[in-house]
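For reference, the structure discussed in these notes is given below.
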Amino acid sequence: MNANLLQTPHSGYHWDGSSSRFFEGWYYRVTLPDWGQTFGFMYSIEDPISGQPHSGGSAQVLGSEDGYLCRTFPDVEQFWASPSSLALGHWGKTDLAMPAKYLDPLTFDNHIQQGYQATATWNQGKISDPATGEYCNWRYQIEPIYGWASNNAPQQSTAGWLSSFQIFEPGWQILMAHGWATGWIEWNGQRYEFTNAPAYGEKNWGRSFPQKWFWLNCNSFDNEPDLALTAGGGRRGVLWWMESAALIGIHHQGKFYEFVPWNSEVRWQIQPWGSWKMQAHNADYEVELTSTTNRPGTPLRAPTEQGLIFICRDTMHGQLTLELRERQGGTAKTILKAHSSLCGLEVGGEPWDQAWIGEAKLPWIS
């Protein structure tokens, strides 16, 4: 499908040029079922006006076996992003004396020693750690399959139409719930070449930061190539107060099943680490998610009031069972049951000293 038809709201860069605290972050992911591995690429920019205590950008990679690599780019003048579409990049070390912009892939390879560039259909970059010599290079095309809506339907804001206003902080948008990636990734000497590997993309932005959150994401299921799940929740700012919100979104065979507080009751039971459980129902459907991991997880950095710091933990090796049921009168019939051993799992913020059990719904949801 044409990538332009799948462009979601909020695909463009949100900074308005003000000097108030601001961050924007982008997440690209490729899952490689043949190797049982996943690579997540996380790009961020903070206080782009420059000269602020936390001004700067970064590229992080969660790589093979949950390995980790990070490179910061202090010069915000070398960052660029489109306000009208998904397109961004940041140059670190380069011999080019020109304003940062999108480059043809070969020029990027020849002249950018550290940095990245990414669009709705492309992701390319290279970073290394000078202290350890560890590195990652990547270059792949993306064919979007699902944005955040059913096939042939208008693309939706992940947090609803109100997210177009500065009400929720931070904003969150699924850019591509599912797509196919073709290209290569080189991780510390191991080269992975792939064709039509499951790909995913999302972003967040704002002037304040979530207190606490959790996340589940998978589009590589056993025997279900046309299935994608994104679920998560957190405590976020709404005008002058905080609220707990959560959602579950499923794309399957062209249809989007959306469970959000304004049309469903969403419940969750998230342990500090190791177990993520969610349930949701609305008038027509109900869903249950159960995911676990025995991996220790990898600490990742995220933008906060104190700058880019280690404040979340991820693994890409979660065991996930998803069951979707259709409600008919007083009964519910299972219409989809799927499993994966390559589910992305995250907890972030604080405190996580005990299980987080909660629910989100509006008063008219029963």
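Sequential numbering from 1 along the given sequence is applied to the chain's residues. Only a predicted model underlies this, so the values are computations on that prediction, with no experimental measurement involved.
Trp91 does not carry Lys93 over the face of its six-membered ring by the limits of under 6.0 Å from the centre and within 45° of the normal. With a 6.0 Å cutoff to the six-membered ring centre and a 45° limit on the axis angle, Lys212 counts as a cation-pi contact of Trp356. For the pair Arg191 and Trp184, the cation-pi test (distance below 6.0 Å, angle within 45°) is passed.
For the residue pair Asp129/Tyr68, the side-chain donor-acceptor check at 3.5 Å is not satisfied. Donor-acceptor pairing under 3.5 Å is recorded for the side chains of Thr107 and Asp104.
Pairs passing the salt bridge (charged side-chain N to carboxylate O under 4.0 Å, His left out) check and including a residue from residues 349-360, sequence neighbours excluded, do not occur.
No donor-acceptor distance shorter than 3.5 angstrom exists from the side chain of Thr31 to the backbone of Ser220, with no hydrogens or angles considered. Distance alone, capped at 3.5 Å, places no donor-acceptor pair between the Thr72 side chain and the Pro74 backbone. Remark: the backbone N or O of Gln52 is not paired with any side-chain donor or acceptor of His54 at under 3.5 angstrom. Glu24 places a side-chain N or O within donor-acceptor distance of the main-chain N or O of His14, the cut-off being under 3.5 Å. A distance-only check finds no donor-acceptor pair linking the side chain of Tyr116 to the backbone of Asn123 [under 3.5 Å]. Checked by atom type and distance alone, the side chain of Ser291 never pairs as donor or acceptor with a backbone atom of Gly318 at under 3.5 Å. Using modelled atom types, no side-chain atom of Asp66 and backbone atom of Thr298 make a donor-acceptor pair closer than 3.5 Å. Using a distance-only test at 3.5 Å, with no hydrogens or angles considered, a donor-acceptor pair links the side chain of Thr182 to the main chain of Asn196. In terms of modelled atom types and a separation under 3.5 Å, the side chain of Thr8 and the main chain of Ser11 share no donor-acceptor contact. Between the side chain of Asp226 and the main chain of Gln253, a donor-acceptor pair closer than 3.5 Å is present.
No continuous path of ILVMFWY side-chain contacts below 4.5 Å connects Trp213 to Ile174, so the two sit in separate hydrophobic clusters. Using a 4.5 Å cut-off between side-chain heavy atoms of Ile, Leu, Val, Met, Phe, Trp and Tyr, with links allowed through other members, Phe256 and Ile248 fall into different hydrophobic clusters. Linking ILVMFWY residues whenever their side-chain heavy atoms come closer than 4.5 Å, directly or via other members, places Phe259 and Trp268 in the same cluster. Connection of Trp215 to Ile309 is not established within any shared hydrophobic cluster, with ILVMFWY side chains joined at heavy-atom distances below 4.5 Å, either directly or through further cluster members.
Side-chain contact check for Trp352 versus Arg313: every heavy-atom pair is 4.5 Å or farther apart. Between Val287 and Tyr257 there is no side-chain heavy-atom pair separated by less than 4.5 Å. The shortest distance between side-chain heavy atoms of Val266 and Met278 falls below 4.5 Å. You'll find the side chain of Gln60 reaches within 4.5 Å of the side chain of Leu300, heavy atoms only. Between Ser58 and Arg71 there is no side-chain heavy-atom pair separated by less than 4.5 Å. In this structure, Tyr135 and Lys126 have side chains that are not in contact, with every pair of non-hydrogen atoms separated by 4.5 Å or more. Side-chain contact check for Met42 versus Trp26: every heavy-atom pair is 4.5 Å or farther apart. By the 4.5 Å heavy-atom criterion applied to side chains, Leu62 and Thr315 are not counted as neighbours.
Partners of Glu46 according to the salt bridge (Lys or Arg N to Asp or Glu O under 4.0 Å) rule, which considers only residues two or more places apart in sequence or in another chain, are Arg21. Annotation: ring-ring contact (aromatic ring centres under 6.0 Å, His included) contacts of Phe41 (sequence neighbours excluded): Trp138. For Arg325, the salt bridge (Lys or Arg N to Asp or Glu O under 4.0 Å) partners at least two apart in sequence or on another chain are Glu286, Glu288, Glu323. Qualifying salt bridge (Lys or Arg N to Asp or Glu O under 4.0 Å) partners for Glu326, counting only residues two or more places apart in sequence or in other chains: none. Applying the salt bridge (Lys or Arg N to Asp or Glu O under 4.0 Å) criterion to Glu65, with sequence neighbours excluded, gives Arg295.
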Would you please test Asp284 and Arg327 for side-chain contact (heavy atoms from CB on, under 4.5 Å) and show each step?
CA-CA 5 Å; Asp284 300 314; Arg327 307 182 85 183; 5.9 Å; no
Set out, in order, the CA-CA distance, both residues' side-chain angles and the distance that settles salt bridge (Lys or Arg N to Asp or Glu O under 4.0 Å) for Asp47 and Arg207, then state yes or no.
CA-CA 9 Å; Asp47 295 345; Arg207 290 175 174 78; over 6 Å; no
List the steps, then state whether side-chain contact (heavy atoms from CB on, under 4.5 Å) holds for Ser82 with Leu88.
CA-CA 6 Å; Ser82 167; Leu88 67 146; over 6 Å; no
Run His10 and Trp205 through ring pair (Phe, Tyr, Trp, His ring centres under 6.0 Å) and show every step you take.
CA-CA 10 Å; His10 306 295; Trp205 70 94; 4.8 Å; yes
Assess whether side-chain contact (heavy atoms from CB on, under 4.5 Å) is satisfied between Thr292 and Leu345, documenting all intermediate values.
CA-CA 9 Å; Thr292 60; Leu345 299 169; over 6 Å; no
What's the verdict on side-chain contact (heavy atoms from CB on, under 4.5 Å) for Trp148 and Leu175, showing C-alpha distance, side-chain angles and the deciding distance?
CA-CA 7 Å; Trp148 194 245; Leu175 298 165; over 6 Å; no
Take Gln173 and Thr158, measure what side-chain hydrogen bond (donor to acceptor under 3.5 Å, both in side chains) needs, and give me the verdict at the end.
CA-CA 5 Å; Gln173 178 69 49; Thr158 302; 3.2 Å; yes
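For Trp122 against Gln124, the heavy-atom pair with the smallest separation is NE1-OE1, 3.0 Å. The heavy-atom pair separating Ala197 from Phe194 by the smallest distance is CB-CD1, 3.9 Å. Minimum interatomic distance between Ile49 and Trp15 (heavy atoms only, all atoms of both residues): N-CZ2, 3.4 Å. When every heavy atom of Ala149 is checked against every heavy atom of Pro154, the shortest pair comes out as CB-O, 3.3 Å. When all heavy atoms of Leu342 and Gly36 are compared, the closest pair comes out as CD2-O, 3.5 Å. Nearest heavy-atom pair across Glu346 and Trp276 is O-NE1, 3.2 Å.
For the side chain to side chain donor-acceptor pair (under 3.5 Å) test with Asn219, the passing option among Glu224, His251, His178 is His178; the others fail.
Note on ring orientation: taking the six-membered ring where Trp is involved, the planes of Tyr43 and Tyr28 are tilted (angle from 30° to 60°). Between Trp35 and Tyr192, the angle of the ring planes goes over 60°, which puts this pair in the perpendicular group of the 30/60° scheme. The aromatic rings of Phe79 and His90 lie perpendicular to each other, with more than 60° between the two planes, well past the 30° mark. Between Tyr200 and Tyr27, the ring planes lie perpendicular to each other; the angle is over 60°, past the 30° to 60° tilted range.
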